[in-house]
Amino acid sequence: MGRYGRAYTISNVLLAIYVTAFCYFNREKLKLFFNGDLDFSAAKLMDISNTEYPPGPTAEPTSLPSHINEVGFQELVDNFPLWSPKFIIVGVMKCGTGAAHTFLGNHPNAVPATAEAYFFNKDKNYEQGFTYYRKFFLRVGHKQQPYVHYEKSPTYYRSLTAPPRMKEMNETLKVVNVVCDNVKRTLSRYLHIKTHTDDGHFSHNHLSLIGQTLEEFQVNLRNTIRTFGAFLEDVKNNEGDGTIEGLIKALSYRFKHKMRPFGIRATQDKIELILSDGFYAVFHKYWQQFFPDDQLLVVDGGQFLKTPWEPMVEIQRHVGLSERINSSSFTFRDGMDVPCFIDAQENVNCLPEQKGRSLHKSLDMDVVRALHELYRPFDAYFAQKVLHRSPFQWNYGLEAP
Ligand SMILES: Nc1ncnc2c1ncn2[C@@H]1O[C@H](COP(=O)(O)OS(=O)(=O)O)[C@@H](OP(=O)(O)O)[C@H]1O
């Protein structure tokens, strides 16, 4: 071997030693990276670059820079209380988050984000830092001061990264979760996926896995309820202590480790994923690890269809808005099954047509009963043991005629 050959071999060996050492010392981060769960330090890096300022409220607000689109990180930090969301609606998908968001948008001080940001649960968004996130809060329109910015992204509630990242942004943040009857939610999710397969949001393969028609979906659903029920029984007895409390603990462990029935890769059956999205107790207990109870409000989304002013008053109180939205803000229009909002100009605004798809559809009675049976212990545990409130009156499809 010549002189250059030897030098080449030595440099390769040195490189291999360096790569091995790098991987060893960064093994935890690499693990997170490959799991698609890179922690929040990544977002800080994007914004902070060489500064040592932490994200979050660090200084008294002055006034918004006019060139906010190009502001640097320091200006974002200095003006944090002026632009950042004071509260976030975190879910639950298909439980009426759109109603909560839209009705709140009529409050003179509440300033909605321009779109669902999916900032805290999608790494590719989070890694772009606050300069990216800020763009959702640029428009204040005709709102009055003091502005209360907010956003809603209905899948935050079941995200492992969202709660720690939100806490890192602002530990005084208020969180709102809109939960609902899981039987209606299951039907709404199916109809949502079916509609959005036609417009390309979901793949045809995904739809064929869960069912091309509502009938086919129910055939698959019956099977899933059986196999999922057996699986949950196993988890309860083998990983828990045979009680619902033990089962929730075991499922919480599985949630944190992206195992069946929560991890997308670990859960073969796509319908099982839809069903496990309704284990509110598991998700809420995780949020409680990051925020105190008085910052976490849970409202019943079913009320948006009957008495929307009730959850609206709860939300306004929780987030510190004056109670401008109340029972006189709503009307039931002839021919509409849902309450509509009466705005300041006395116009009646109903939610867009794509909301309310499930209202003229139903599930077969045996499916309705089996789903209620599956969820009953989870819902009871959630209401009584986690939220310390009276049970939810969830009996979708079983109501007396
Ligand atoms: N006032 C009013 N008007 C229309 N629709 C209402 C209202 N209140 C609650 N709902 C119910 O909200 C369901 C949609 O939930 P989300 O807005 O959370 O859906 S999404 O996750 O944002 O896609 C939606 O579900 P679908 O019926 O399946 O469309 C409605 O049943």
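When a residue number appears, it is its place in the shown sequence, counting from 1. Whatever order the structure lists ligands and atoms in, that order sets their numbers, starting from 1.
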Visitor: Indicate the ring-plane relationship of Y133 and F136, choosing parallel, tilted or perpendicular according to the 30° and 60° boundaries.
Guide: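 The arrangement is tilted - the two ring planes meet at 30° to 60°.
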Visitor: Sort out for me which residue in V92, V179, V178 forms a side chain to side chain contact (heavy atoms under 4.5 Å, CB included) with V298.
Guide: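 Answer to the side chain to side chain contact (heavy atoms under 4.5 Å, CB included) test with V298 among V92, V179, V178: V179.
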Visitor: Is R317 salt-bridged to E323, cutoff N-O under 4.0 Å?
Guide: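 Between E323 and R317 there is a salt bridge, with a charged N closer than 4.0 Å to a carboxylate O.
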Visitor: Flag the pair R165 and D123 as a salt bridge only when some basic side-chain nitrogen lies within less than 4.0 angstrom of an acidic carboxylate oxygen.
Guide: yes
Visitor: If you count the atoms of ligand 1 from 1 in the order shown, which ones are under 4.0 Å from a heavy atom of L305?
Guide: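 The list of qualifying atoms is 6 (C), 7 (C), 8 (N), 9 (C), 10 (N).
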Visitor: Is the closest basic N to carboxylate O distance between K174 and D294 below 4.0 Å?
Guide: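 Judged by the 4.0 Å cut-off on N to carboxylate O distance, K174 and D294 do not form a salt bridge.
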Visitor: Would you say F103 touches ligand 1, if touching means a heavy atom closer than 4.0 Å?
Guide: yes
Visitor: Closer than 4.0 Å to some heavy atom of C95 - which atoms of ligand 1 meet that?
Guide: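 By the 4.0 Å cutoff, the relevant atoms are 15 (O), 18 (O).
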Visitor: Inspect the contact between D241 and K249 and indicate whether a charged nitrogen and a carboxylate oxygen are less than 4.0 angstrom apart.
Guide: no
Visitor: Below 4.0 angstrom from a heavy atom of G98, which ligand 1 atoms are there? Numbered from 1 as shown, please.
Guide: 16 (P), 17 (O), 18 (O)
Visitor: Out of P339, C340, P154, A99, whose heavy atom is nearest to atom 1 (N) of ligand 1?
Guide: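 Nearest option to atom 1 (N) of ligand 1, by heavy atoms: P339.
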Visitor: Within a distance under 4.0 Å of any heavy atom of F304, pick out the atoms of ligand 1 and give their elements.
Guide: 1 (N), 8 (N), 9 (C)
Visitor: Given that the side chain starts at C-beta and the backbone is N, CA, C, O, which of these parts of V338 lies under 4.0 Å from ligand 1, counting heavy atoms, or is it both or neither?
Guide: side chain
Visitor: Give the ring-plane orientation class for F228 versus F279, where under 30° counts as parallel, over 60° as perpendicular and anything between as tilted.
Guide: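 Ring orientation, 0 to 90° scale: parallel.
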Visitor: Relative to the ring of F283, is the ring of Y157 parallel (under 30°), tilted (30 to 60°) or perpendicular (over 60°)?
Guide: perpendicular
Visitor: Which residue holds the protein heavy atom closest to atom 18 (O) of ligand 1, what is that atom called, and what is the gap in Å?
Guide: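 Looking only at protein heavy atoms, the one closest to atom 18 (O) of ligand 1 is T97 OG1, 2.6 Å.
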Visitor: Given T195, L351, V92, which one has a non-hydrogen atom that is nearest to atom 2 (C) of ligand 1?
Guide: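 Selected option, by shortest heavy-atom distance: L351.
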Visitor: Does the ring center of F330 lie less than 6.0 Å from the ring center of F103?
Guide: yes
Visitor: Out of all atoms in ligand 1, which are within 4.0 Å of some heavy atom of Q354? Include the element for each.
Guide: 29 (O)
Visitor: Please report which non-hydrogen protein atom sits nearest to atom 27 (O) of ligand 1, along with the residue it belongs to and the distance in Å to one decimal place.
Guide: S358 OG, 2.7 Å
Visitor: Using a strict cut-off of 4.0 Å, indicate which atoms of ligand 1 neighbour a heavy atom of M93.
Guide: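 What qualifies from ligand 1 is 21 (O).
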Visitor: If you compare all heavy atoms of V299 against all heavy atoms of P311, which two are closest, and at what distance to 0.1 Å?
Guide: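 Closest pair (atom of V299, atom of P311, distance): CB-CB, 4.1 Å.
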Visitor: Counting each atom of ligand 1 from 1 as listed, which ones have a heavy atom of S188 under 4.0 Å away?
Guide: 25 (O), 26 (P), 28 (O)
Visitor: With backbone taken as N, CA, C and O and side chain as the heavy atoms from C-beta onward, which portion of K184 lies under 4.0 Å from ligand 1: side chain, backbone, both, or neither?
Guide: side chain
Visitor: For atom 29 (O) of ligand 1, what is the closest protein heavy atom, and at what distance to 0.1 Å?
Guide: G356 N, 2.7 Å
Visitor: Is ligand 1 less than 4.0 angstrom away from at least one heavy atom of L191?
Guide: no
Visitor: What residue and atom, counting heavy atoms only, is the protein's closest point to atom 12 (O) of ligand 1, and at what distance?
Guide: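 Here the nearest protein heavy atom works out to G96 CA, 3.5 Å.
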Visitor: Considering non-hydrogen atoms of the protein only, which is the closest contact for atom 21 (O) of ligand 1, and what is the distance?
Guide: K94 N, 2.9 Å
Visitor: Going by the closest heavy atom to atom 19 (O) of ligand 1, which one wins out of K355, H196, R357, K152?
Guide: K355
Visitor: Is any side-chain heavy atom of E116 closer than 4.5 Å to one of P154?
Guide: yes
Visitor: State, without any angle test, whether T224 and D269 hold a side-chain donor-acceptor pair at a distance under 3.5 Å.
Guide: yes
